[in-house]
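The basis for the numbers below is simple: all heavy atoms, side chains too, and nothing from hydrogens, waters or symmetry mates.
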Amino acid sequence: MTQKAAALQTYNNELVKCIDDLSKKREELNRQIKQEEQEKERLQYDIRVLTEKLSRVNESLAQRCVTRSNLDRTIAETEAAYTKILESSQSLLTVLKQEAGNLSKATEPRRKDH
């Protein structure tokens with residue numbers, strides 16, 4: 001019977017040791033789970049903050065693109081109008097020179113060819 005009792009005691013000791021080892025592994029796993037849950041929460045917060053920031057940047061970018069498009073159109077229209085002004089000025093100058101030439105001829109004394 002002592003031999004059976006000794007064997008039972010050995011099994012009992014091993015069983016307690018195994019349960020203790022499993023409990024320690026469970027505690028370590030719980031620590032890792034809590035750590036990862038905290039990391040998950042931090043990442044979700046970061047994602048939310050970055051998503052909001054991305055939304056604001058997208059809105060700002062869209063507004064700036066509209067403004068740039070309006071500026072491009074205004075510049076093109078202004079350049080076209082300025083080109084027309086230059087062309088009109090050149091035409092006016094040409095006409096004015098012709099008229100001045102005609103007036104000069106009309107006001108010159110006439111020469112007598114005889």
Side-chain angles (χ1 to χ4, degrees):
M1 186 78 150
T2 24
Q3 192 176 18
K4 288 183 180 180
L8 186 59
Q9 184 63 38
T10 302
Y11 296 149
N12 185 49
N13 289 342
E14 286 183 32
L15 184 60
V16 169
K17 185 181 180 306
C18 285
I19 291 172
D20 189 46
D21 288 346
L22 289 174
S23 292
K24 288 178 182 177
K25 287 181 181 181
R26 183 176 185 273
E27 287 175 15
E28 175 60 21
L29 187 59
N30 275 337
R31 186 192 64 75
Q32 291 172 353
I33 288 171
K34 286 180 183 179
Q35 190 176 17
E36 286 187 1
E37 286 174 342
Q38 289 173 347
E39 178 71 4
K40 177 184 171 185
E41 287 177 18
R42 186 187 64 77
L43 290 172
Q44 286 175 329
Y45 174 79
D46 290 348
I47 288 170
R48 188 171 53 252
V49 167
L50 289 172
T51 300
E52 291 170 3
K53 188 173 184 178
L54 177 62
S55 178
R56 287 191 303 271
V57 168
N58 279 336
E59 289 175 20
S60 175
L61 183 60
Q63 291 172 349
R64 289 178 191 275
C65 286
V66 167
T67 300
R68 181 182 61 188
S69 178
N70 290 338
L71 284 172
D72 288 345
R73 187 187 77 250
T74 300
I75 289 169
E77 290 172 355
T78 302
E79 286 175 342
Y82 184 68
T83 300
K84 287 181 182 180
I85 290 170
L86 288 177
E87 291 169 353
S88 296
S89 296
Q90 186 179 11
S91 296
L92 179 60
L93 183 60
T94 302
V95 169
L96 185 59
K97 285 181 179 179
Q98 287 175 352
E99 288 300 317
N102 289 343
L103 287 173
S104 292
K105 289 180 185 176
T107 58
E108 286 180 3
R110 293 191 180 216
R111 293 186 196 164
K112 293 186 182 178
D113 289 331
H114 296 320

(request) List the steps and the verdict of side-chain hydrogen bond (donor to acceptor under 3.5 Å, both in side chains) for R56 and S60. (result) CA-CA 6 Å; R56 287 191 303 271; S60 175; over 6 Å; no
Does the pair R48 and Y45 meet the rule for a side chain to side chain contact (heavy atoms under 4.5 Å, CB included), with working shown? CA-CA 5 Å; R48 188 171 53 252; Y45 174 79; 3.2 Å; yes
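How far CG of L43 is from CD of E36: 10.5 Å, rounded to the nearest 0.5 Å. The distance from atom NZ of K17 to atom CG of N13, rounded to the nearest 0.5 Å, is 11.0 Å. Atom SG of C18 and atom OH of Y11 lie 13.0 Å apart (nearest 0.5 Å). Atom-to-atom distance recorded for E99:CD and L92:CG is 11.0 Å, nearest 0.5 angstrom.
Here the rule is side chain to side chain contact (heavy atoms under 4.5 Å, CB included) with N30, and of Q32, E27, R26 only R26 fits it. When the options T51, L50, V49 are evaluated for a side chain to side chain contact (heavy atoms under 4.5 Å, CB included) with I47, the one that passes is T51.
Residues that satisfy the salt bridge (Lys or Arg N to Asp or Glu O under 4.0 Å) test with E77, not counting sequence neighbours, are R73. With sequence neighbours excluded, the residues that form a salt bridge (Lys or Arg N to Asp or Glu O under 4.0 Å) with R31 are E28. Partners of C65 according to the side chain to side chain contact (heavy atoms under 4.5 Å, CB included) rule, which considers only residues two or more places apart in sequence or in another chain, are L61, R68.
For R42, the CZ atom counts as densely surrounded, since its 6.0 Å shell holds more than 12 non-hydrogen atoms of other residues, nucleotides or ligands.
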